[in-house]
2 protein chains.
Amino acid sequence: MLLDIAEVSQRSGLAPSALRFYERKGLITPDGRNGLRRAYQAETLSRLTLITCARDAGFTLAEIAAFLRAGPSDTVLRERMAAKEREVSERVDQLTRLRDSLRHAAVCEHDPLVECPEFKQAIRRAR
Amino acid sequence: MLLDIAEVSQRSGLAPSALRFYERKGLITPDGRNGLRRAYQAETLSRLTLITCARDAGFTLAEIAAFLRAGPSDTVLRERMAAKEREVSERVDQLTRLRDSLRHAAVCEHDPLVECPEFKQAIRRAR
DNA sequence: CCTTGACTTGAACCGCGCTTCAAGTCGCAG
DNA sequence: CTGCGACTTGAAGCGCGGTTCAAGTCAAGG
């Protein structure tokens with residue numbers, strides 16, 4: 001039971017052009033063809049979920065492709081995951097501090113906001 | 001006491017080309033010129049700190065320019081800050097979930113990792 | 001005066017992640 | 001057989017955030 005590109009597009013929320021683009025980048029492969037038309041395995045959908053998730057996480061498509069190509073027992077893969085985990089952690093901390101600055105900014109009374117000492121300090125912390 | 005572009009570049013960590021680029025985008029303005037050379041107020045440095053911080057936070061340069069142009073008592077500004085705060089919060093949550101997935105991935109024993117049920121589930125949660 | 005070297009400009013180029021377009025090829029309905 | 005419409009391709013284009021380049025200008029020092 002293979003899916004055509006329109007169906008994969010609809011279910012994954014990715015444009016057909018994006019799917020072809022991902023194929024060029026080595027992220028996905030159609031299982032076969034009906035004439036010229038790509039036919040995808042259902043499994044491709046979960047692969048795409050993984051891809052969009054990783055992409056949203058700030059992985060580049062090239063990084064994701066490398067992950068997906070990585071063989072089993074790949075210690076390099078694990079190491080890269082761990083490295084990315086550290087990166088993401090740092091980003092979370094940074095964004096959390098920034099969120100706090102914004103939260104304060106939205107309610108503070110200083111006028112120009114840029115002069116608010118709390119805001120200024122928050123910005124410095126958020127760096 | 002005005003600073004020239006090399007000094008601002010060095011202290012801000014931004015390339016001169018980036019400073020000129022920001023000028024074209026309306027983010028900064030030199031206070032004057034020495035001949036052709038830009039002369040910046042010291043204040044520009046804190047403005048740049050604010051800019052890089054906001055940029056790191058995921059604001060586009062266009063958004064930042066709009067913020068900086070916003071007048072005092074600007075309720076629109078506050079509203080945009082609040083909106084961005086919500087955006088950033090969401091992103092923090094999402095990245096936090098992702099970080100947890102990666103954290104697990106780095107230590108889990110499944111081989112291909114993609115088959116790990118915990119990982120799969122974490123991905124679904126992270127969406 | 002002439003060189004040196006840091007600046008100036010506008011325009012071109014880059015990588016990323018796609019989208020859009022023109023031109024061509026299918027399968028199916030009538 | 002003849003459309004029609006949904007797919008195919010490669011190439012070009014786009015928005016973002018810059019960098020790089022060639023050509024020009026200027027101030028200071030020898």
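None of these values were measured; they are calculated from a predicted model.
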[X] side chain, from C-beta outward: closest of [options]:
| X | options | result |
| --- | --- | --- |
| A:R33 | D:dC7, D:dT8, C:dC18 | D:dT8 |
| B:L36 | D:dG18, D:dC26, C:dG17 | D:dC26 |
| A:L61 | D:dG18, C:dC7, C:dC18 | C:dC18 |

[X] [atom1] to [N] [atom2], straight-line distance once rounded to whole Å:
| X | N | atom1 | atom2 | value |
| --- | --- | --- | --- | --- |
| B:L48 | D:dG18 | CG | P | 12 Å |
| B:E23 | D:dG17 | CD | P | 18 Å |
| B:L3 | C:dC7 | CG | C1' | 16 Å |
| A:F59 | C:dC16 | CZ | C1' | 17 Å |
| B:I5 | D:dT19 | CD1 | P | 11 Å |
| B:R37 | C:dG5 | CZ | C1' | 8 Å |
| B:K25 | C:dG10 | NZ | C1' | 15 Å |
| B:R38 | D:dA27 | CZ | C1' | 17 Å |

Ionic contact status for [Y] with [X], cut-off 4.0 Å:
| X | Y | result |
| --- | --- | --- |
| A:E85 | A:R91 | no |
| B:R20 | B:E23 | no |
| B:E7 | B:R11 | yes |

Side-chain contact, heavy-atom cut-off 4.5 Å: B:D4 with B:R38?
->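 No, every pair of side-chain atoms sits at 4.5 Å or beyond.
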
Side chain to side chain contact (heavy atoms under 4.5 Å, CB included), paired with B:Y40, selected from B:T29, B:L45, B:D31, B:L19 |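 Going through B:T29, B:L45, B:D31, B:L19 one by one, the side chain to side chain contact (heavy atoms under 4.5 Å, CB included) with B:Y40 is satisfied by B:L19 alone.
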
How do A:Y40 and A:R24 order along DNA chain D: which one's closest nucleotide is nearer the 5' end?
->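 So the residue in question is A:Y40.
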
Donor-acceptor under 3.5 Å (B:S9 side chain, B:I5 main chain) |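 Not confirmed, B:S9 side chain does not pair with B:I5 backbone.
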
Does the A:S12 side chain pair with the main chain of A:L48, one donor and one acceptor, at a distance under 3.5 Å?
->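 No.
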
How is B:N34 classified with respect to the nucleic acid when contacts are heavy atoms under 4.0 Å: base, sugar-phosphate, or nothing?
->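 Here B:N34 touches no strand at all.
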
How far does the helix from C:dC1-D:dG30 to C:dG30-D:dC1 bend, going by the axes of its first and last five pairs, to the nearest 10°?
->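 That helix gives 30° between its end axes.
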
Indicate whether the side chain of A:R47 and that of A:Y22 have a donor and an acceptor atom separated by less than 3.5 Å.
->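 There is no such pair (donor and acceptor under 3.5 Å, judged by atom type) between the side chains of A:R47 and A:Y22.
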
A:S89 side, atom OG; A:Q94 side, atom CD - distance, nearest 0.5 Å =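 Result: 12.5 Å between the selected atoms.
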
Quick one, which residues of residues 14-22 of chain A touch DNA chain D with a heavy atom under 4.0 Å?
->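 Result for residues 14-22 of chain A: A:R20, sorted by number.
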
More 5' along DNA chain C: A:G35 or B:A39, using each one's nearest nucleotide?
->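 The residue mapped nearer the 5' terminus is B:A39.
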
